[in-house]
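Below, read A as the first sequence line, B as the second, and so on, with proteins coming before strands; counting in each chain starts at 1. Everything numeric here is computed off the predicted structure, so don't read it as measured data.
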Amino acid sequence: MVLEATMICIDNSEWMRNGDYNPSRFQAQADAVNLICGAKTQSNPENTVGVLTMAGKGVRVLVTPTSDLGKILACMHGLKIGGEMNLAAGIQIAQLALKHRQNKKQQQRIVVFAGSPVKHEKKMLEMIGRKLKKNSVALDIINFGEEDEGKTEKLEALLAAVNNNDSSHIVSVPPGPNALSDVLISTPIFTGDGEGGSGFAAAAAAAAAGGVSGYEFGVDPNLDPELALALRVSMEEERARQEAAAKKAAEEAANQEKGGETSSQDATMTERASAATSEAENKTIDLMDDENALLQQALAMSMDDPVSSHDVKDTDMSEAPADDPDLALALQLSVADGAKDSGSQSSDTSKLLADQSFVSSILASLPGVDPNDPSVKDLLASMQDQSEPEKKNDDKPSDEEKK
Amino acid sequence: MSGESASAIQKGQVDLLDFIDWSSVECLNQSSTHSLPNAIKQGYREDDGLHLESDADEQLLLYIPFTQVIKLSAILIKGPEEEGPKTVKLFSNKEHMGFSNVNDFPPSDVADLSPDNLKGKPVPLKYVKFQNVRSLTIFIEDNQTGSEITKVQKITLYGTTVETTDMKGLKKVEDH
């Protein structure tokens with residue numbers, strides 16, 4: 001129940017003659033306008049809606065904001081198509097019309113139909129956007145029709161400049177079998193901000209869809225709203241999960257490389273193992289090769305126990321955010337410790353760790369780790385303490401003081 | 001100036017809070033989370049933690065209509081030292097003002113707020129310019145440090161009502 005005054009900017013340029021939206025772009029747009037007007041006036045009895053055209057001989061206000069739905073619908077008849085759309089002038093005149101609204105309590109909103117190329121500079125649109133924001137006007141953009149270079153980008157820049165608390169929206173509607181108004185009805189332009197859809201929108205959707213089997217999941221959202229919601233939520237979750245998996249795989253691949261470097265073990269073995277693991281990660285996305293990947297992973301593990309066990313350890317830990325320098329250091333240390341335990345290569349590793357310059361050069365090469373950081377220096381010193389007793393106990397304490 | 005302002009609120013001048021027509025009060029460029037009532041409504045404005053904040057840039061435009069004609073003598077604007085308003089322009093009886101036409105009219109008065117004013121010292125206005133005020137538009141042009149956000153903790157208007165326009169009182173007499 002938002003109390004608002006809305007100005008709808010119609011695109012009636014020559015581009016609207018195109019028939020890629022059923023029955024023509026202009027008719028599809030007119031249907032959508034009628035629907036928006038209905039939804040707005042019914043969501044609150046004090047809401048007002050006005051209409052203006054952006055093309056033709058110039059921007060023309062057809063109806064100043066009114067709550068009389070008949071007036072709005074009547075003005076849509078007999079509109080002439082012609083000329084080119086002037087988006088900037090349209091928005092500014094809409095803002096002027098909203099400024100002089102009778103009821104100052106109404107929120108201001110502009111709904112723009114942009115179906116033809118946008119010839120204005122991006123900067124100019126952003127400037128207008130900021131002006132709208134300053135005057136607390138919200139903006140909804142319906143991006144349809146012509147798809148020339150930079151149109152979407154420009155409109156999104158305009159929206160970003162206006163947007164305040166997510167009160168403004170942009171919807172891109174590609175041509176297709178669904179009517180423009182049917183697509184719009186499930187967007188935030190109709191459902192409002194977090195209201196979960198007004199009764200009118202639902203009813204209109206039912207009427208518009210009547211019998212057409214164009215539902216998203218083959219389920220009529222009006223017959224079983226809970227099922228539809230559950231389907232939509234699970235769809236979103238699945239998408240988020242897939243994104244996270246892809247991100248994790250990329251991170252792990254990066255980590256494997258790092259781990260292989262620092263532990264300085266049998267290079268070919270490590271490489272092979274890490275390659276197998278990252279390959280496996282890639283393949284888990286492709287569900288068909290899932291088992292094959294597991295098999296490969298198992299093979300890699302059975303090839304060389306100590307090496308691959310490090311890799312497994314690495315894999316587990318790299319789930320934590322890798323941008324923490326302390327954590328990176330800790331990971332690295334644990335890898336080094338593991339190497340020490342694994343017997344045959346232990347002496348090599350401890351020698352390497354004892355080599356201050358080598359360790360610090362590795363640390364310097366790690367992203368986000370500063371070898372001159374006091375905490376890192378402390379750790380290095382303590383590390384040396386650990387490794388030195390293995391060689392000989394009577395080392396000079398001056399080493400510690402130096403650090 | 002400072003000598004005057006000590007006695008800015010003369011005898012008979014009252015807080016005009018009760019005569020504000022709340023249904024039409026408007027504020028442009030306010031942040032939705034820190035809105036005008038925080039600075040102007042009884043109870044909210046006494047709390048320094050609640051403040052009015054600008055959104056896109058440092059300017060604010062307040063439109064305050066009154067339920068009856070008033071005379072305005074002084075204004076108090078309280079704000080933090082850094083982000084408190086500096087140049088404040090006042091317009092009487094100008095409706096439909098926006099940021100675009102704010103410079104089209106000469107202001108009835110301009111107040112340059114000092115840190116003292118921001119701590120709660122009222123600013124005396126040109127009394128003769130505000131003798132017949134139905135609505136007041138306050139344009140906050142910039143703030144003390146020139147930062148992006150302006151904060152206002154409290155706005156109080158001092159003045160008197162014009163007795164003859166007390167319509168409510170007249171109606172009551174007719175009813176009896």
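Between K119(A) and E146(A) there is no salt bridge, since none of the side-chain N atoms of the basic residue sits less than 4.0 Å from a carboxylate O of the acidic one. Between K121(B) and D116(B) a salt bridge is recorded (basic side-chain N to carboxylate O distance below 4.0 Å).
Interface remark: N164(A) contributes side-chain atoms only to the contact with chain B (heavy atom separation under 4.5 Å). For a residue to count as touching a neighbouring chain, one of its non-hydrogen atoms must lie under 4.5 Å from one of that chain's; by this rule S31(B) does not touch chain A.
With W22(B) as the aromatic partner, K41(B) meets the cation-pi criteria of under 6.0 angstrom to the ring centre and within 45 degrees of the ring axis.
In terms of non-hydrogen atom pairs under 4.5 Å with chain B, the most contact-rich of N165(A), N103(A), N135(A) is N135(A).
Checked options K104(A), R101(A), K99(A); the residue passing with H96(B) is K104(A) (criterion: side chain to side chain donor-acceptor pair (under 3.5 Å)).
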